[in-house]
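These notes concern the structure reproduced below.
These values consider heavy atoms only, across backbone and side chains, with no hydrogens, waters or symmetry-generated copies.
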There are 2 protein chains.
Amino acid sequence: MKEKIKNLTKEKIFNYCIKDFAKNGYSNVGIRKISKETGLSTGAIYYNFSSKEKIAWFLYDSATELVLNKIKTAIKKSTNGIEAIKSIISVLFQLTEENLHLMEYVLYVKHKDFLPGVPPICSSKPFEYIKRFIKTKIKEGVFEDMDMVIASSLIMGPIIRVIQLKMDGILKEDLNKYTEPLFNGIVKSVYRNQI
Amino acid sequence: MKEKIKNLTKEKIFNYCIKDFAKNGYSNVGIRKISKETGLSTGAIYYNFSSKEKIAWFLYDSATELVLNKIKTAIKKSTNGIEAIKSIISVLFQLTEENLHLMEYVLYVKHKDFLPGVPPICSSKPFEYIKRFIKTKIKEGVFEDMDMVIASSLIMGPIIRVIQLKMDGILKEDLNKYTEPLFNGIVKSVYRNQI
DNA sequence: TTCAACAAAACGAGCGCTCTTTTTATTATA
DNA sequence: TATAATAAAAAGAGCGCTCGTTTTGTTGAA
């Protein structure tokens, strides 16, 4: 939620760190580098964040909340369960396209290496939200009755996989072109009433 | 390929590092810790590996080769394409159960953070091998004709997702019980002749 | 004059790694 | 088989450096 950051210095740090943490890893980005690249002094950094770890927490909280909100509105706008799946794919792909670093930080970074006690990303708020959504749709009979582990893996697995291919640089194309065909495949695996 | 390591010291380092690198991250495991935990001196470590990075490379090469071999034999033993998919799932789940650290190191660790020039894991030998296999089966008409990105994501995405749930500690159960239902879901998404 | 906001030097801990010394294993010679 | 000569392996103190952090100093607005 960059728009929530009022402090200009904080925003500078946010914008730089989310890029570099995602690209080079938390341990490979020192305070001195952050200072140099943002043009801020170490004093300014430590005035705004009491530790390097706090920066990482701030990024984590901001990024997961942003993703959560995007998913929430995507699901709410959908008229039915199947439509919602397509919306989730679409919004995640869209987000990856317009803010690759943020998605890298959310999906790709091993937060537990430097954020003690952080929940694994699949237990973070956005993913828990999706899980509850899937559970509901199974109860309603929209999706086939299957183990939650299986259902969520069949749905989220392929989506995350495609995003990671993009993040790894394997995929050069715009992800949006994959929304439709991926959706078709996923639906076949979980939808009750075969199309 | 632990059985290939003749040197006892190297094996000690291998066994310890693959655990600790996977658990705490490469940067959080220093030479002194490796020395302390293995009972070896820093001299002994540097006599066997010319740098800390070389240890990581050794782990990477050994681990990916082991996975590759397991997948190769699994595919070769299978009588048809669909059977092969189940074998791949089974062998990866099996490997996760019996050597969680190794799979964590292969699938979970961000190698590019400390191994310069390493290919992303989805471009490593085991995964390239699977990709070629899928391509063949599409040409043969076993799987539906679809973009390779879509096909491999629909197949590998859910498998990797389940393994990651296990690695994150979300899944406590033996993965083998998920082989069958996951296979059924995946097949529906890519198989040509609907069952 | 006070204080928020930042600048920048300095601190101690810990890092990867090297170097010299010591121990252990291997080989050659009688 | 015993012993001297050599090589391989391991030990561990210490070096130079970078890290996250702290401390002290400066500046401009209220």
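- Within the 4.0 Å cut-off from OP1 or OP2 of dC6(C), not a single side-chain nitrogen or oxygen of Y47(A) is found.
- Between E83(A) and K76(A) no salt bridge is recorded (no basic side-chain N to carboxylate O distance below 4.0 Å).
- As judged by a 4.0 angstrom heavy-atom cut-off over every strand, G43(B) is placed among the base-contacting residues.
- With hydrogens and angles ignored, a donor-acceptor pair under 3.5 angstrom links the side chain of T42(B) to the base of dA13(D).
- For dA7(C), one of the phosphate oxygens OP1 or OP2 lies less than 4.0 angstrom from a side-chain nitrogen or oxygen of S41(A).
- When distances are taken from the side chain of Y46(A) to each of dA10(D), dC17(C), dG20(D), the shortest belongs to dG20(D).
- From one end of the helix from dT1(C)-dA30(D) to dA30(C)-dT1(D) to the other, with five pairs defining each end axis, the axis direction shifts by 0° (rounded to 10°).
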Atom pairs under 3.5 Å, N or O on each side, protein against nucleotides 20-25 of chain C: can you list them with distances?
none

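- Relative to the six-membered ring of F114(B), K52(B) misses at least one condition, a distance below 6.0 Å or an angle of at most 45° to the axis.
- Closest of all the heavy-atom pairs between I170(B) and S123(A) is CD1-OG, 3.0 Å.
- If you measure from atom CZ of F49(B) to atom P of dA9(D), you get 13 Å, rounded to the nearest angstrom.
- At whole-Å resolution of the value, NZ in K10(A) and P in dC6(C) are 11 Å apart.
- Of the residues in residues 17-28 of chain B, not one places a heavy atom less than 4.0 Å from an atom of DNA chain C.
- Residues N24(B) and K33(B) have side chains in contact (heavy-atom distance under 4.5 Å, counting atoms from C-beta outward).
- A perpendicular orientation is assigned to the rings of Y60(A) and H111(A), their planes being inclined by more than 60° (bins at 30° and 60°).
- K137(A) has no carboxylate O lying under 4.0 Å from a charged side-chain N of E144(A), or vice versa, which leaves the two without a salt bridge.
- Atom NZ in K36(B) sits about 16 Å away from atom P in dA11(D), given to the nearest Å.
- Between I71(B) and F127(B) the shortest side-chain heavy-atom distance does not fall below 4.5 Å.
- Here the P atom of nucleotide dC15(C) and the CD1 atom of I34(B) are 10 Å apart, to the nearest Å.
- In this structure, CG of L8(B) is placed 13 Å from C1' of dA10(D), rounded to the nearest angstrom.
- At whole-Å resolution of the value, CG in L40(B) and C1' in dG12(D) are 13 Å apart.
- Across all non-hydrogen atoms, the minimal contact from R161(A) to C122(B) is NH2-CB, 3.1 Å.
- Each of A44(B) and S51(A) has a nearest nucleotide on DNA chain D; the 5'-most of these lies closest to A44(B).
- Among the atoms of the strands shown, base atoms are found under 4.0 Å from some heavy atom of I31(A).
- Considering CG of L95(A) and NZ of K70(A), their distance stands at 5.5 Å, rounded to 0.5 Å.
- No donor-acceptor pair closer than 3.5 Å links the side chain of K188(B) to the backbone N or O of I186(A).
- Residue T9(B) places at least one side-chain N or O under 4.0 Å from the OP1 or OP2 atom of dA10(D).
- Taking atom CD1 of residue I55(A) and atom C1' of nucleotide dT21(D), one finds them 12 Å apart after rounding to whole Å.
- For NZ of K110(B), the number of neighbouring non-hydrogen atoms (other residues, nucleotides, ligands) closer than 6.0 Å is greater than 12.
- Along DNA chain C, the nucleotide closest to N48(A) and the one closest to R32(B) are compared, and the more 5′ of them pairs with N48(A).
- The interatomic distance linking K12(B) (NZ) with dA10(D) (C1') rounds to 11 Å, in whole Å.
- Here I45(B) lies out of heavy-atom contact (under 4.0 Å) with every strand.
- Shown here is K112(A), whose NZ atom has more than 12 heavy atoms of other residues, nucleotides or ligands within 6.0 Å.
- For N80(A), the CG atom counts as densely surrounded, since its 6.0 Å shell holds more than 12 non-hydrogen atoms of other residues, nucleotides or ligands.
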